[in-house]
Amino acid sequence: MRKLLMTMVLILSATMMFAKDIRTLVLTTNPQMHCPRCEQRVVSNLKDVKGIKSVETSVADQTVTIQYNAKKTSEEKIIGAFEGSGFKVRPLAEGEKIVKEAHECKEGNMGDCKE
């Protein structure tokens, strides 16, 4: 009985040791995202950050929602990935809403959507 109990404790300990600490970070960008190309630029900034599980962007809500493994990366590393990209980001406070600014991308120039 003791061997069984000890084995179960060891298995539980090993499981906890390898458990992932998945967290969610919600950011907003400055300048604002206005088109699919803007969203693509935001996502491409995160491609080399290890530990990111998913990235969802929303032009309508002006949010970038990132799920990441906190054992492999941090909020600081994720935010730092935007340096030199043309976008600055900041975490959104819980319940904070961003109003999308009026903007039109020039037809045929969707790749250079700038403020």
Side-chain angles (χ1 to χ4, degrees):
M1 184 66 157
R2 270 189 159 197
K3 281 186 175 181
L4 179 61
L5 183 58
M6 190 60 128
T7 303
M8 289 176 59
V9 168
L10 287 173
I11 290 172
L12 182 60
S13 297
T15 303
M16 289 176 62
M17 191 169 90
F18 292 108
K20 295 178 181 176
D21 183 9
I22 304 298
R23 298 186 186 177
T24 301
L25 175 62
V26 181
L27 304 170
T28 189
T29 64
N30 185 12
Q32 289 189 342
M33 298 178 289
H34 294 97
C35 64
R37 176 69 177 145
C38 293
E39 290 178 300
Q40 183 180 1
R41 284 179 46 212
V42 166
V43 172
S44 71
N45 288 315
L46 301 170
K47 69 180 178 199
D48 294 328
V49 180
K50 294 184 189 294
I52 291 182
K53 299 300 176 193
S54 68
V55 179
E56 292 181 26
T57 58
S58 171
V59 171
D61 296 332
Q62 290 300 303
T63 59
V64 181
T65 304
I66 303 163
Q67 287 193 328
Y68 66 98
N69 183 341
K71 291 184 177 184
K72 294 184 178 182
T73 194
S74 65
E75 286 188 20
E76 292 79 18
K77 287 180 184 176
I78 293 169
I79 291 170
F82 285 89
E83 288 180 16
S85 71
F87 284 105
K88 292 184 181 189
V89 295
R90 68 171 177 84
L92 232 53
E94 181 128 359
E96 181 181 0
K97 302 287 184 199
I98 303 295
V99 176
K100 185 177 179 292
E101 298 168 355
H103 177 83
E104 289 183 31
C105 293
K106 295 179 179 136
E107 195 166 330
N109 198 21
M110 296 282 285
D112 290 323
C113 185
K114 296 181 181 174
E115 301 255 301

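Only heavy atoms go into these numbers, but all of them, side chains included; no hydrogens, no water, no symmetry mates. All residue numbers in this chain count up from 1 along the given sequence.
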Legend entry - Qualifying salt bridge (charged side-chain N to carboxylate O under 4.0 Å, His left out) pairs with a residue from residues 89-99, counting only residues at least two apart or across chains: Arg90-Glu96
Legend entry - Contact summary for His34 and Lys100, nearest pair of heavy atoms: CD2-NZ, 4.0 Å
Legend entry - Partner residues of Glu39 under the side-chain hydrogen bond (donor to acceptor under 3.5 Å, both in side chains) criterion, sequence neighbours left out: Thr57
Legend entry - Where Pro31 and Gly86 come nearest, the two heavy atoms and their spacing: CD-O, 3.2 Å
Legend entry - Those residues that, when tested against Glu83, pass side-chain hydrogen bond (donor to acceptor under 3.5 Å, both in side chains) (two or more places apart): none
Legend entry - Summary of salt bridge (charged side-chain N to carboxylate O under 4.0 Å, His left out) pairs that have at least one residue in residues 46-61, sequence neighbours excluded: none
Inset, instruction - Look only at the side chain of Ser58 and the backbone of Thr63, and say whether a donor-acceptor pair between them is shorter than 3.5 Å. - result: no
Legend entry - Qualifying residues under side-chain hydrogen bond (donor to acceptor under 3.5 Å, both in side chains), relative to Ser44, sequence neighbours excluded: none
Legend entry - Under 4.5 Å side-chain linkage, directly or through intermediates, the cluster mates of Tyr68: Leu25, Leu27, Met33, Val42, Val43, Leu46, Val49, Ile52, Val55, Val59, Val64, Ile66, Ile78, Ile79, Phe82, Phe87, Val89
Legend entry - Side-chain cluster (under 4.5 Å, hydrophobic types only) that Val26 belongs to, other residues: Leu92, Ile98
Legend entry - Donor-acceptor contact present, side-chain Gln32 to main-chain Glu101, <3.5 Å: yes
